[in-house]
Amino acid sequence: MAQCVQSVQELIPDSFVPCVAALCSDEAERLTRLNHLSFAELLKPFSRLTSEVHMRDPNNQLHIIKNLKIAVSNIITQPPQPGAIRKLLNDVVSGSQPAEGLVANVITAGDYDLNISATTPWFESYRETFLQSMPASDHEFLNHYLACMLVASSNEVEPMEQFSKLSQEQHRIQHNNDYSYPKWFIPNTLKYYVLLHDVSAGDEQRAESIYEEMKQKYGTQGCYLLKINSRTSNRASDEQIPDPWSQYLQKSGIQNQESYEDGPCTITSNKNSDSNLLSLDGLDNEVKVDGLPNNFRAHPLQLDQSSDPSNSIDGPDHVKSASSLHETKKANTGIIHGACLTLTDHDRIRQFIQEFTFRGLLPHIEKTIRQLNDQLISRKGLSRSLFSATKKWFSGSKVPEKSINELKNTSGLLYPPEAPELQIRKMADLCFLVQHYDLAYSCYHTAKKDFLNDQAMLYAAGALEMAAVSAFLQPGAPRPYPAHYMDTAIQTYRDICRNMVLAERCVLLSAEILKSQSKYSEAAALLIRLTSEDSDLRSALLLEQAAHCFINMKSPMVRKYAFHMILAGHRFSKAGQKKHALRCYCQAMQVYKGKGWSLAEDHINFTIGRQSYTLRQLDNAVSAFRHILINESKQSAAQQGAFLREYLYVYKNVSQLSPDGPLPQLPLPYINSSATRVFFGHDRRPADGEKQAATHVSLDQEYDSESSQQWRELEEQVVAVVNKGIIPSSFYPTQYCLNSYSDNSRFPLAVVEEPITVEVAFRNPLKVPLLLTDLSLLWKFQPKDFSGKDNEEVKELITGEPEMIGTEVISEFLINSEESKVARLKLFPHHIGELHILGVVYNLGTIQGSMTVDGIGALPGCHTGKHSLSMSVRGRQDLEIQGPRLNNTKEEKTSIKYGPDRRLDPIITEEMPLLEVFFIHFPTGLLCGEIRKAYVEFVNVSKCPLTALKVVCKRPEFFTFGGNTAVLTPLSPSASENCSAYKTVVTDSTSVCTALISSASSVDFGIGIGSQPEVIPVPLPDTVLLPGASVQLPMWLRGPDEEGVHEINFLFYYESVKKQPKIRHRILRHTAVICTSRSLNVRATVCRSNSLEDEEGRGGNMLVFVDVENTNTAKLASREKGKFCFKAVRCKEKEAAVQSSERYTFADIIFGNEQIISSASPCADFFYRSLSSELKKPQAQLSLHTEKHSIEDSVRLIQKCSEVDLNIIILWKAYVVEDSKQLILEGQHHVILRTIGKEAFSYPQKQELPEMELLKFFRPENTAVSSRPSVDQLSNLIKTSLHYPESFNHPFHQKSLCLVPVTLLLSNCSKADVDVIVDLRHKTTSPEALEIHGSFTWLGQTQYKLQLKSQEIHSLQLKACFVHTGVYNLGTPRVFAKLSDQVTVFETSQQNSMPALIIINNM
């Protein structure tokens, strides 16, 4: 239970106090009414005694009573109606709300931090009112009247006569059988005579003399003169007199009417002569009965049903409107109670209560207790046994009557008033009222036994209840609290007697006692046990207290707390206590929130929303419904639809309250702000027949970091070329599409009159479709002049102003259930300035019927595209994008900081040219090396001329626009036979043996020294493209050498003729996708020719071996191979001198009757492009250190010997049948020969990956790269050839030794002097060689040492000696070479390249 202001030791004595009746004459009542108070009300604040009181018990022991309080009330002859009590309790609870700004307790339990109101004042008010308004009953005497005050005024004509009348009236009420109410404790009630004297208006001497007369008649102990009204009420109330009455009157007189469980209730009005206002305590609505001067009071809880005009309310209509009630309430709060009383009067009233209690009430109680005690002792034996015998006898003979009794009383028995059992009970109650709990307990205990023996269950339950309370309150706690007594009492009241009021009192008291003993679990069980369907208010309050028990346990049970708060909220709601219901749900929400209990959360939020709406707390209602919709709901579609409709309805009401206010933020659909993409520019045109537009950038393309990096590099490359090799510091890569991956740290630039498309990513989390209508972007715009004239004022334009910015509106945008969908919204800037895109604005609604629409008329009447809206609200959602987290400086790394994201804040700049590129006859599939001719069209679609058009591509070997000169570029594809892409000449086929020679320079084809081969200027006529103009240029393509799918990126760069300050250039991207399939494999090697017979006897000739293999399986015939062998002759020295290193000689060998001019476009273009791409490949670095220049020079000289500069172009035609049409395809392959003896290929070789090896750790030694040339390079330093007769005849029978002269030619291939050693001692030792070739010897010198000058040829005359006929290999001499000026000997033997065979015949 929640904390209470009073402890249980204070609460129980205050709940059970001696009751005193008050009977006033009309005149006395008038005097008190001057203070807006009845007599009973006047005494209320002073009814507690300020000092201890003493009395003696039956054993003559002194007993001390502390803090005694008495209850004085006007006599009411009607018992209170249950409906009226319920209404009063309802008012009390609804009138008590948590104080504003009340500091809640923060309870930490596990991982919950809960804000819980520690106190529940509404429960305490309810309990107090409930205990006070309990009707008196026959089985107990605690709230029966012990005494009666008879009050008359000193202004009366005959005061003493008035006292006699009042006394007779009291006697008639108590002893006449017409009045069963109120109840009196004992037959001879104490009468106490009070004379009221109005000090300001009355005659004091007369009052004193009357008082003397009273003392004579009634004794000094039985009467009192009370002086009040020491000041007139109309006097200036400058002195502030405290008002102690208001707190008591508010509690009992809460007039906040709503409809309660008993239907509409009315408020009775007190029409007194001097004040026409509502009775404020609700406890004394006057009803004149039979015109008696002494009017009996109808019970304050009487529902006013009488037709008496003096009792009707404000004319005929009984129920007031809420507003008039509110006014009444306001009127009530202005009333000052006790306006005629001074502080002295207050003291007099206090003194009067003291006197009455000391002199009148307590002696009367003491006497009564003694009498009862004596009576019980004397009558105990006989009377009881006799009484029980007669009772049994009667009950045995008259069963039906007893059963009727049982029905009436639900207790089985009614005792006569003088029954000794009741006398015990009376005595117990009196002892209890004066706090003599020991005696009370023993009496209750005795009575309990008697009642149980008699099966008088109602009486027994009452005795059990009070015995338990007495036992608990006994000083020094001699015995533990008998909770089982209470449990039995509660069960009896509830199940046997069917009296829920008494059961409830038991529970309230017992729960407090258990709470005081920290037995929260038992208290909670008790409270929950009494919740039932008969009273929602009671159930709600008890459940709430049970919840507080769970949270106050030693280890708080948080979820139980929350669950019971929900139950309490539900019952409050049923009882019409909307505010309390809302509070309970909100308290419980703290527990369920964010714990994944989504259905519970939904239920709570829905209820909070509903209750808030009922209480007109519209903002709270909106936020609660918003929560239901934005959490990932697990509800069914129908439920979600209901939630959504409710939300829209509430929202509509909120927005109607302030129609001109700012647009509200809508919770649905979700917007993934970071996924927002912004695209600058027009949408791409679709392909038109053979015309295909450049792919450029569009919102349909997925972001790929690799490709965006490639585009960036291409743009940097072209910008560097344009700016003479340096990228300017102001350069920033162009971004047409901004997304979460792009760099959005600076303001993007948009061009005036070019649309800006914002793609917003919506997601519908619900299972019902959402329909957005009139969807558009929300923006603000500042027109600016960027040319530097900032004198114009900056106007802020927020949405609207279509002449500045045009806004596209999507009339209907349907998002199906749980669907993610993007909306592309356009803006059209018509003016330069700064634009800020703030968010989206739309009407949110749902479709009638809430079915998922597939677009194909899933709902009747939907095929028109118009969905019938059930309800919609206009609102907005902001696009707020968080920038990237900063992580550069130390401060940024240690704290969490985010950079700006400016993709929604473009700057609109002046007009720029806009290029569109179209490709005509552009292929999608090619053979490797195939040449195809296409056309490219450039169109300027803007109003500005463009210039400096360039294209940059990472694979320049893929395409060419032709040579620089018209001669080199063929006119059009139809100029030659078969529509060939090549320029051809018809020739005579007989000239197959000799080559046709032509020459060309790479400069003609745009590839000069040191230029960037990737950046190619587009040959526009006049280099300018005017607005609206278009140009078509031919473009040759060559299929890449590797098979597969190739993505080739072209970046077109162009500038405006008029230089712009903000945008220097623009770009257009195109990605061509080409699928290549295999065609030919070409392999070639070049060797030195061993023969030295050229015209000048010099050895510069080479043999070229070319292998061609058809590897295409699909289109061409089977894999055939062809071998070619050519002799290559060195160019004349004269020509070589003329040619620059960039000029190449083309020698064509023709196998047909048509010669392709290989030095013209496109053959030469692709050849040069393949060369430049070959040069780009990283060469093996031979020397990294420049330690010894001499060694390096020597190595270079040796390298030069094995180098050759020879390129082979294979041109081919293929006949392909495709779609039953024969096509002639043509193409070219390039083989670049650089090294003698090393095989070269037309296609790139796959690198074999080395096998995985164990990791070795070693100590790094001197890592200088060895500058030793390789074996291959040294073997090419000297070229050798043997000259000898192929066969030699010798008469072995004449001469046994055959001598054959052999010439060994040594040719120095290098440009340096070479020392040569020829060693003839070498023998072929391998057995295979011996088997094949016989053995022979050389005669003469076995070793020669020579020095050969640069490119010198030297001949050695040798003699070979044979002893048999046979075939011999003369290639046995070993030749060693080293450079003359080298100390280090690079000795390595000359390879035996080919056998020199000689046949020796016998003659």
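Only a predicted model underlies this, so the values are computations on that prediction, with no experimental measurement involved. All values below come from the heavy atoms of this structure, side chains included, with hydrogens, waters and symmetry mates left out.
- Between Trp245 and His346, the ring planes are perpendicular. Angles over 60° get that label, and only those under 30° would be called parallel.
- We find the CD1-CD distance between Ile75 and Gln174 to be 9.0 Å, quoted to the nearest 0.5 Å.
- Taking the six-membered ring for Trp and thresholds of 30 and 60 degrees, Tyr192 and Phe352 have ring planes inclined between 30 and 60 degrees apart.
- A donor-acceptor pair under 3.5 Å is absent between the side-chain atoms of Gln375 and the main chain of Gln423, judged by distance alone.
- Sorted by first and then second residue, the salt bridge (Lys or Arg N to Asp or Glu O under 4.0 Å) pairs involving residues 45-57 (not counting sequence neighbours) are Asp14-Arg48.
- If you take CG on Asn74 and OG on Ser38, they are separated by 5.0 Å, rounding to the nearest 0.5 Å.
- The two residues Ala207 and His197 have their closest heavy-atom pair at CB-ND1, 3.5 Å.
- When all heavy atoms of Asn155 and Gly202 are compared, the closest pair comes out as OD1-CA, 4.0 Å.
- The side-chain heavy atoms of Leu146 and Thr189, taken from C-beta on, include no pair separated by under 4.5 Å.
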Kindly indicate, with the supporting measurements, whether the criterion side-chain contact (heavy atoms from CB on, under 4.5 Å) is fulfilled by His144 and Phe141. CA-CA 5 Å; His144 291 198; Phe141 305 95; 3.4 Å; yes
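- Each of Leu361, Val434, Leu362, Val17 was compared with Leu68 under the side-chain contact (heavy atoms from CB on, under 4.5 Å) criterion, and only Leu362 meets it.
- In this structure, the separation between SG on Cys19 and CG on Leu433 is 7.5 Å, given to the nearest 0.5 Å.
- Proximity of Gln221 to Pro363: side-chain heavy atoms (C-beta onward) are nowhere separated by under 4.5 Å.
- In this structure His436 satisfies the ring pair (Phe, Tyr, Trp, His ring centres under 6.0 Å) test together with His63, sequence neighbours excluded.
- A pairwise comparison of heavy atoms in Ile173 and Tyr179 identifies O-CB, 3.5 Å as the closest pair.
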Evaluate the criterion side-chain hydrogen bond (donor to acceptor under 3.5 Å, both in side chains) for residue pair Asn35 and Asn229; output intermediate values, then yes/no. CA-CA 8 Å; Asn35 296 294; Asn229 296 1; 2.9 Å; yes
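- Without hydrogens or angle criteria, Asn499 side chain to Val501 main chain gives a donor-acceptor distance under 3.5 Å.
- Remark: Asp138 pairs with Lys183 by the salt bridge (charged side-chain N to carboxylate O under 4.0 Å, His left out) rule, at least two apart or across chains.
- Pairing each heavy atom of Pro135 with each of Ile85, the nearest pair is CD-CD1, 4.4 Å.
- Between Leu150 and Phe163, the shortest heavy-atom contact is O-CE2, 3.3 Å.
- Within the 4.5 Å cutoff, side-chain heavy atoms of Val199 are placed close to those of Arg348.
- A donor-acceptor pair is defined here as one N or O able to donate and one able to accept, closer than 3.5 Å; such a pair exists between the side chain of Asn453 and the backbone of Lys449.
- Asp429 is linked by a salt bridge (charged side-chain N to carboxylate O under 4.0 Å, His left out) to Arg425, counting only residues two or more places apart in sequence or in another chain.
- Heavy atoms from other residues, nucleotides or ligands lying under 6.0 Å from CZ of Arg359 number 12 at most.
- Contact check for Ser51 versus Gln354: side-chain heavy atoms found under the 4.5 Å cut-off.
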Do Leu11 and Arg127 pass the side-chain contact (heavy atoms from CB on, under 4.5 Å) test, and can you show the C-alpha distance, the side-chain angles, and the key distance before you say yes or no? CA-CA 10 Å; Leu11 168 76; Arg127 186 176 58 196; 3.8 Å; yes
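- The OG atom of Ser15 lies 9.5 Å from the CG atom of Leu508; values are rounded to the nearest 0.5 Å.
- Residues Lys217 and Glu213 are not paired through a salt bridge, judged by the lack of any N-O separation under 4.0 Å between the basic side chain and the carboxylate.
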For a side-chain contact (heavy atoms from CB on, under 4.5 Å) check, start with the C-alpha distance between Glu465 and Arg505, then their side-chain angles and the critical distance, and finish with the verdict. CA-CA 9 Å; Glu465 175 188 4; Arg505 182 180 71 186; 2.9 Å; yes
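- Between Phe16 and Phe432, a ring centre-to-centre spacing shorter than 6.0 Å is recorded.
- Looking at Asp203, its side chain does come within 3.5 Å of a backbone N or O of Gln205 through a donor-acceptor pair.
- Every residue two or more places apart in sequence or in another chain that forms a side-chain contact (heavy atoms from CB on, under 4.5 Å) with Ile186 is listed here: Asn188, His364, Thr368, Lys426.
- Side-chain contact between Leu166 and Val151: absent, with no pair of heavy atoms (C-beta onward) separated by less than 4.5 Å.
- In this structure, Tyr415 has its ring center under 6.0 Å from that of Phe451.
- Under the ring pair (Phe, Tyr, Trp, His ring centres under 6.0 Å) criterion, Tyr145 pairs with Trp184, sequence neighbours left out.
- Between Glu208 and Lys227, at least one side-chain nitrogen of the basic residue sits less than 4.0 Å from a carboxylate oxygen of the acidic one, meeting the salt-bridge criterion.
- A salt bridge is defined here as a Lys NZ or Arg NE, NH1 or NH2 lying under 4.0 Å from an Asp or Glu carboxylate O, and Lys87 with Asp91 meets this definition.
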Derivation of the side-chain contact (heavy atoms from CB on, under 4.5 Å) call for Arg370 and Asn60: CA-CA 10 Å; Arg370 279 176 193 280; Asn60 218 19; 3.2 Å; yes
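- Between the side chain of Asp345 and the backbone N or O of Thr342 there is at least one donor-acceptor pair closer than 3.5 Å.
- A salt bridge is absent between Glu41 and Lys44; no separation between the charged side-chain nitrogens and carboxylate oxygens falls under 4.0 Å.
- The two residues Tyr211 and Leu195 come nearest to each other via the heavy atoms N-CD2, 4.1 Å.
- Ser25 OG to Gln162 CD: the interatomic distance, rounded to the nearest 0.5 Å, is 4.5 Å.
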